[in-house]
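Note that these values count all heavy atoms, side chains included, but never hydrogens, waters or copies made by symmetry. Keep in mind the model is a prediction, meaning the values are calculated, not measured.
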Amino acid sequence: MRTASLRMARWHRHPNAVNADQATRGWLTSPGSLTAKLIAHSTAFRVQRLHQTTALCLPDEAHAIGLPRPGRVWEREVLLRCDDVPVVFAHTVVPMSATAADWPLFSALGERSLGSTLFYDPLVARGELEFARIRDGHPLMERARAALGGGPADTTLFARRCLYRRKRGTLLVTEVFLPSVLALVPQPRKNNR
């Protein structure tokens, strides 16, 4: 049984700090909705909800969401799939202090994209993107690997996260880009006649 200590991610405000290749950097720094970009790069986009429940936030998330130390949060984890291939593991946390008025649709998302609500709600303010390399031993690496049914050890994945605010509530979305995202190509737009 492995007894390695919990690995933390070092989050950076600039993508240069994570030394990503150009293709990965294009995904990390995409300014708009990741959902919209994934839809444009696939013929069939789907959100696979893994779970949505209360949990203890990760140590490297606590400060970002305004907690003095890791505490209970609402947690949602999904795989974003393009043409049935998982390309992004997404992890969202909302402090328990948030109310239904702060995030009215969060509890009812099901297999809908969170991005489809965040980017079209005029009350939502988006913070700055932060970037990290997620390595073996980090909880998000372990969870992504479990969701995929395994995967190679000693892999490094690139991730970004962003804090959103609505009324008095905060919500932190972390997107871990799986290697399969690099195989996506823009799909021809369909003409509506």
Undergrad: How would you list, by chain and number, every residue that makes a side chain to side chain contact (heavy atoms under 4.5 Å, CB included) with Pro70, sequence neighbours excluded?
TA: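 Once residues adjacent in sequence are excluded, the partners of Pro70 under the side chain to side chain contact (heavy atoms under 4.5 Å, CB included) criterion are Leu56, Cys57, Pro59, Ala62.
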Undergrad: Just verifying a value: how many Å separate Leu67 CG and Met96 CE, rounded to the nearest 0.5 Å?
TA: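 It is 11.0 Å, given to the nearest 0.5 Å.
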Undergrad: Are the side chain of Arg166 and the backbone of Asp102 linked by a donor-acceptor contact shorter than 3.5 Å?
TA: yes
Undergrad: When you measure from the side chain of Gln48 to the backbone of Pro86, do you find a donor-acceptor pair of N or O atoms at a distance under 3.5 Å?
TA: no
Undergrad: Do Phe158 and Ile134 have side chains that approach each other closer than 4.5 Å (heavy atoms only, starting at C-beta)?
TA: no
Undergrad: Roughly how far, to the nearest 0.5 Å, is CG of Leu172 from CG of Leu58?
TA: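 Leu58 atom CG to Leu172 atom CG measures 9.5 Å (nearest 0.5 Å).
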Undergrad: On a heavy-atom basis, which atom in Ala64 and which in Arg161 lie closest, and how many Å separate them?
TA: CB-NH2, 3.9 Å
Undergrad: Are side-chain heavy atoms of Arg76 and Val94 found at a separation under 4.5 Å?
TA: no
Undergrad: Kindly give the heavy-atom pair with the smallest separation between Phe131 and Arg13, and that separation in Å.
TA: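 That would be CE1-O, 3.8 Å.
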Undergrad: Calculate, to the nearest 0.5 Å, the distance between atoms CG and OG1 belonging to Asn16 and Thr29 respectively.
TA: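 That separation rounds to 10.0 Å.
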Undergrad: Within a 6.0 Å radius of atom CZ on Arg10, are there more than 12 heavy atoms belonging to other residues, nucleotides or ligands?
TA: no
Undergrad: When you measure from the side chain of Gln187 to the backbone of Ser42, do you find a donor-acceptor pair of N or O atoms at a distance under 3.5 Å?
TA: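 No; judged by distance alone, with no hydrogens or angles, the pair does not exist.
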Undergrad: If you compare all heavy atoms of Pro95 against all heavy atoms of Ile65, which two are closest, and at what distance to 0.1 Å?
TA: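 Taking Pro95 first and Ile65 second, the nearest heavy atoms are CG-O, 3.9 Å.
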Undergrad: Is Arg72 atom CZ crowded by more than 12 heavy atoms from other residues, nucleotides or ligands, each under 6.0 Å away?
TA: yes
Undergrad: Could you check if a side-chain atom of Lys37 sits within less than 4.5 angstrom of a side-chain atom of Leu184, using non-hydrogen atoms only?
TA: no
Undergrad: Which residues end up grouped with Val185 if you chain together Ile, Leu, Val, Met, Phe, Trp and Tyr wherever their side-chain heavy atoms are less than 4.5 Å apart?
TA: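 Listed partners: none, Val185 stands alone.
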Undergrad: For Arg25 and Ala20, work out which heavy atoms get closest and say how close.
TA: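 The answer is N-CB, 4.2 Å.
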Undergrad: Could you please spell out the steps behind the side-chain contact (heavy atoms from CB on, under 4.5 Å) verdict for Asp121 and Tyr164?
TA: CA-CA 11 Å; Asp121 184 338; Tyr164 295 86; over 6 Å; no
Undergrad: Might you confirm whether atom NE2 of His63 has over 12 heavy atoms from other residues, nucleotides or ligands at distances under 6.0 Å?
TA: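 Not buried by this count: 12 neighbours or fewer within 6.0 Å.
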Undergrad: For Phe177 versus Leu157, what's the shortest heavy-atom pair and its separation?
TA: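 Minimum heavy-atom separation between Phe177 and Leu157: O-CD2, 3.8 Å.
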Undergrad: Within the 4.5 Å heavy-atom criterion, are Leu171 and Leu118 side-chain neighbours or not?
TA: yes
Undergrad: For the residue pair Leu178 and Leu148, establish whether any side-chain heavy-atom pair is separated by less than 4.5 Å.
TA: yes
Undergrad: If I take atom CG from residue Leu140 and atom CD from residue Glu175, how far apart are they, to the nearest 0.5 angstrom?
TA: 12.0 Å
Undergrad: Closer than 3.5 angstrom, by distance alone: can the side chain of Asp60 be matched with the main-chain N or O of Met8 as a donor-acceptor pair?
TA: no
Undergrad: Quick one: do the Asp83 and Thr43 side chains pair a donor with an acceptor below 3.5 Å?
TA: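 On atom types as modelled, these side chains qualify, holding a pair under 3.5 Å.
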Undergrad: Answer whether the closest heavy-atom distance between the side chains of Leu80 and Val47 falls below 4.5 Å.
TA: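 Yes, side chains in contact.
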Undergrad: So, Trp27 versus His41, ring centres under 6.0 angstrom or not?
TA: yes
Undergrad: Give a yes or no on whether the backbone of Ser30 and the side-chain of Arg160 come within a donor-acceptor separation of less than 3.5 Å.
TA: yes
Undergrad: Counting only heavy atoms not in Glu128, do more than 12 sit closer than 6.0 Å to its CD atom?
TA: no
Undergrad: Is any side-chain heavy atom of Arg81 closer than 4.5 Å to a side-chain heavy atom of Phe45?
TA: no
Undergrad: If I take atom CD from residue Glu130 and atom CG from residue Leu163, how far apart are they, to the nearest 0.5 angstrom?
TA: 8.5 Å
Undergrad: Is there any side chain to side chain donor-acceptor pair (under 3.5 Å) pair reaching into residues 84-98, and which pairs are they, with sequence neighbours excluded?
TA: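 Sorted pair list: Glu61-His91, Glu77-His91.
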Undergrad: If you take all heavy atoms of Leu28 and Leu129, which pair is closest and at what distance?
TA: O-CD1, 3.8 Å
Undergrad: Could you grab the distance from atom CG of Leu38 to atom OG of Ser113, nearest 0.5 Å is fine?
TA: 8.5 Å
